[in-house]
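Structure, as structure tokens:
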Amino acid sequence: MIRSEEELLAGLNPVQREAVRHRGGPLLVVAGAGSGKTRVLTSRIAHLILTGEARPYSVLAITFTNKAAGEMKERLAGMLGPGVERMWVSTFHSACVRILRVHAERLGYSRSFTIYDAADSKRLVERVEKALNIDTKKIRAQTVAAEISRAKAELVDFESYSDRAQGPFQQTVARVYADYQKRLASSSSMDFDDLLMVTANLFEACPDVLVTYQERLQHVLVDEYQDTNFAQNKLVLMLGEKHRNVCVVGDADQSIYAFRGADVRNILQFEEAFPDATKIALEQNYRSTKVILDAANAVIANNLSRIPKDLWTEGSAGDPIMRYRAADENVEAAYVATEARRLAAEEGLFYNDIAVFYRANAQSRALEEAFSLADVPYKVVGAIRFYERKEVKDLLAYLKVVANPADDVSARRIVNVPRRGIGDTSLEKLARWAAISGRALGAAITDLAGAPSEDGADDLQAAGITKKAASGLAELAGLLADLRHMDQEGFSPGKLLSEVLDRTGYRKELEDAQRDEAEARLENVAELVGVAERFSSLDDMLSSVALVSDSDDLAQIEGKVSFMTLHVAKGLEFEAVFMIGMDDGVFPHMRSLDDPRELEEERRLCYVGMTRAKSRLYMTHALERRVWGSETYSIPSRFLSEIPEELVEDCRGYTRRGGEGYRR
DNA sequence: GTTTACCTAGTTTTT
DNA sequence: CTAGGTAAAC
């Protein structure tokens, strides 16, 4: 634990100290990669508490991922000891959920509103499209969902969207958006973007609620500000308006989420929003060697729409960047595996000091094969997210329906999982029956249990539902009623899950299945039950799992090389980094080649990747690779040619034969 | 209503 | 190439 200010400031450079000690008013910290920005942010919070400027209760610290939030909490606990848990350290989304769980009823939502993830949203959009007779092949649900998401990130509701819709696509989206949003509201559900938008609406509609939080959260600190979207920025401005103790930290060069609505202008225009803001720039890098830093600086300098900035280091030059040209992606992967093994055997690195980055998840495949063959341990980070697995989503859907009977998407999901003789036809009949009586699907099913032989059953038959389907429904209804009862009696979510597994035969089905994947699924199920047991409330558990991504718990992958996308790599660092697939069309991605703005985002992504490396950086590409089963020739990434030649060395095995050279 | 076999279309990044 | 959807058979 830290006792004095001196102790806290020890080891920080003068600029960092300034950021930590700043008092009174808005603060913008422009922090380059590896300049210790997270440390500054953490120290600043500790400093606020230690000097009595703030109480833990009045601090809101926003991080980009739950993992970052967890680490920050841990560090703060180590520095300050007990009391830290009263602080809000979370992502925007988690903070919003926390607020909404208290006040959502003011806007007509259930306190136990459901959170829909991207897959749920897509399903709902699909259903809406079908209801509106829109061809889902011509206008894909995913595209529409993305457009709606973008609108929400800009806090554009469906009315305004409809007003300003341009062209046939947007007009179609406008229709879908309106219906989609009505369905969300009537099922008391929110998608990811709603969490932000509804919170903003809440603050606007209920000024007293806003004031409550303004009074409470007197110090607002936000990390990775370059990746905030309009809605997030708005929330920060609203909360910070009163006390103006807003501190944002970020680096415009590391803005890599524009495709998701992030807007660099939020950080660039912070000083306009807060004209009295103090600006501090952290430009000394403590992570990478000089060679790596110079190379990264040289690459990012090619972005024209950028405020020039140069990171510097007092560290040594280090090894050159290793460039490797492979015949194809398998040779490339084999090279990485071999070199990783050599680094471990000869250079004293541990496998968990090593990471391989790629542009798209699909690229991990060749790597996995090569590493298995070479017997080098690896772990793919964040590819198939735990909470997106079918079995996990199925089980969670049961809990969601228990918590929120209005949740239609989840109700539809579980009606016939596991099979209980209710196919599409019965489902639609049931849905119509529910609609006539003005109930949500989940509520209608539950009502069946209350009236086994009375009107419920008769109505069902009148609705044309077969005996077989009806008995399946009754069984489900009984289960849901019992689960809801258990929940009220205070049974843990874990107990509820076990009940679901036993009563539905879900567990048995997996146990009886003879496939390998069934075993993995059983393990996932067991893990989910384990997670659920740690929670005492259903709402807490469901909120928490809805917002946790797999990369959040990548915690200490011991003794294994990590594979991940460049996006996942943000915020991490490794002794040695391999960036593979440095081919034009792969990275930068094909779809960005004709758009200068997108190309600049790709370049920032490259910059992020390069600056993750502490001492060794490898960049590899292949002359030929299989894309969708057919062979494609590629030329080296333009990013490679942007690195000064004197910083680069070609690896052994490299040959110029049969391919183009590096353009200069 | 469920299972199977085909066929097709789609391939970026994610809180 | 492969995941997902669809059309046909059980």
Side-chain angles (χ1 to χ4, degrees), chain A residues 62-69 90-97 115-119 121-122 126 136-138 140-143 145-146 149-150 152-153 191-196 223-224 227-229 231-232 255-262 329 357-366 381-385 387-388 390 415-429 465-466 468-469 472 543 546-552 564-571 581 585-593 595 598 601-602 604-606 608-609 625-632:
Chain A
I62 301 284
T63 57
F64 193 67
T65 63
N66 292 292
K67 173 179 170 261
S90 70
T91 62
F92 274 106
H93 291 82
S94 305
C96 288
V97 169
I115 301 165
Y116 285 169
D117 65 15
S121 304
K122 199 187 129 200
E126 254 165 21
T136 49
K137 279 180 190 155
K138 266 174 83 182
R140 291 195 302 138
Q142 205 162 4
T143 317
S149 170
R150 204 165 317 141
K152 288 184 176 182
D191 61 22
F192 273 166
D193 305 288
D194 275 343
L195 298 176
L196 306 173
D223 198 5
E224 308 280 15
D227 283 321
T228 54
N229 62 30
Q232 293 166 330
S255 162
I256 55 173
Y257 285 100
F259 71 92
R260 201 172 83 184
E329 77 272 27
F357 302 159
Y358 35 79
R359 180 65 237 269
N361 275 310
Q363 290 172 263
S364 71
R365 201 167 173 140
V381 180
I384 324 132
R385 278 173 281 283
Y387 291 106
E388 283 173 18
K390 185 186 175 302
V415 161
N416 202 30
V417 174
R419 306 241 134 71
R420 45 174 81 88
I422 306 156
D424 286 347
T425 326
S426 299
L427 178 59
E428 282 321 311
K429 283 176 187 159
I465 288 169
T466 62
K468 188 177 156 203
S543 314
L547 299 170
V548 171
S549 73
D550 201 35
S551 50
D552 285 336
M564 66 189 81
T565 64
L566 286 154
H567 283 86
V568 170
K570 192 179 79 161
V586 176
F587 186 40
H589 192 268
M590 195 99 70
R591 285 188 53 176
S592 69
L593 294 180
D595 183 340
E598 283 187 41
E601 176 140 320
E602 296 283 303
R604 289 193 292 270
L605 196 51
C606 185
V608 167
R625 58 180 71 237
R626 291 188 86 83
V627 186
W628 315 328
S630 61
E631 281 166 7
T632 322

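Letters A, B, ... are given to chains in the order of the sequence lines, protein chains preceding strands, and every chain is numbered from 1.
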Return the value, rounded to whole Å, for the distance between atom [atom1] of [X] and atom [atom2] of [N].
X: A:R359; N: B:dT11; atom1: CZ; atom2: P; result: 14 Å
X: A:K152; N: B:dT14; atom1: NZ; atom2: P; result: 21 Å
X: A:E631; N: C:dC1; atom1: CD; atom2: C1'; result: 13 Å

So, OP1 or OP2 of [N]: does either fall under 4.0 Å of a side-chain N or O from [X]?
X: A:T425; N: B:dG1; answer: yes
X: A:T565; N: B:dT14; answer: yes
X: A:N361; N: B:dT13; answer: yes

Under a 4.0 Å N-O cut-off, is there an ion pair linking [X] with [Y]?
X: A:E329; Y: A:R365; value: no
X: A:K152; Y: A:D191; value: yes
X: A:E602; Y: A:R359; value: yes

- Based on Watson-Crick and G-U pairs with both distances under 3.5 Å, what dot-bracket line describes DNA chain B 5' to 3', crossing pairs as [ ] and inter-strand pairs as |? ||||||||||.....
- Do we see A:F259 stacking on the base of B:dT13, given a limit of 5.5 Å between centres and 30° between planes? yes
- Item | SG-CD1 distance between A:C606 and A:I256, expressed to the nearest 0.5 angstrom | 11.5 Å
- Taking atom types as modelled, find out whether A:T63 and A:D223 have a side-chain donor-acceptor pair closer than 3.5 angstrom. no
- Name the one of A:F587, A:Y257, A:F357, A:Y358 that satisfies ring-ring contact (aromatic ring centres under 6.0 Å, His included) with A:H567? A:Y257
- When you match A:R419 and A:H589 each to their closest nucleotide on DNA chain B, which lands nearer the 5' end? A:R419
